[in-house]
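To start, the structure itself, in structure tokens.
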Amino acid sequence: MFITTPEFLPQHREQHQHLLQIVSAAEARGQARVVEMNQQVLGNLEQIITTLEADPRRAGDHR
């Protein structure tokens with residue numbers, strides 16, 4: 001179980017931006033496995049960020 005709160009939104013956004021850069025560079029180099037691994041993490045982060053932004057009180061459990 002992963003629990004987070006709105007106070008960590010800046011860190012989640014920063015990590016999301018960093019991963020976007022990693023994925024972009026990996027795509028340019030043809031590193032499909034690196035892209036695949038990080039796309040899943042990006043999706044999770046996007047869900048966390050969206051949930052925290054939409055309703056900070058529901059920020060409990062993200063898997």
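Everything quoted here is computed from the prediction, not taken from an experiment. Residues: numbered from 1 along the sequence shown.
- Between the CD atom in Q39 and the CG atom in L20 there is a gap of 8.0 Å [rounded to 0.5 Å].
- Interatomic distance, Q15 CD to L42 CG, rounded to the nearest 0.5 Å: 8.5 Å.
- Linking ILVMFWY residues whenever their side-chain heavy atoms come closer than 4.5 Å, directly or via other members, leaves V35 and M37 in distinct clusters.
- For V41, the side-chain contact (heavy atoms from CB on, under 4.5 Å) partners are L19, L45, not counting sequence neighbours.
- Among pairs with a residue in residues 28-37, those fulfilling side-chain hydrogen bond (donor to acceptor under 3.5 Å, both in side chains) read R29-Q31, R33-E36, at least two apart in sequence or across chains.
- To the nearest 0.5 Å, the span separating CG on N38 from NE2 on H18 amounts to 8.5 Å.
- Here CG of L9 is found 4.5 Å from CZ of R13. Values are rounded to the nearest 0.5 Å.
- Interatomic distance, NE2 of H12 versus CD of Q47, reported as 12.0 Å (0.5 Å rounding).
- Atom CD of E14 sits in a sparse spot, with 12 or fewer heavy atoms from other residues, nucleotides or ligands closer than 6.0 Å.
- Linking Ile, Leu, Val, Met, Phe, Trp and Tyr residues whenever their side-chain heavy atoms come within less than 4.5 Å places V23 and V34 in a single cluster.
- Heavy-atom neighbours of E7 CD from other residues, nucleotides or ligands within 6.0 Å: above the threshold of 12.
- For the residue pair P6 and P10, the shortest heavy atom distance occurs at O-CD, 4.3 Å.
- Considering OG1 of T51 and CD of E46, their distance stands at 11.5 Å, rounded to 0.5 Å.
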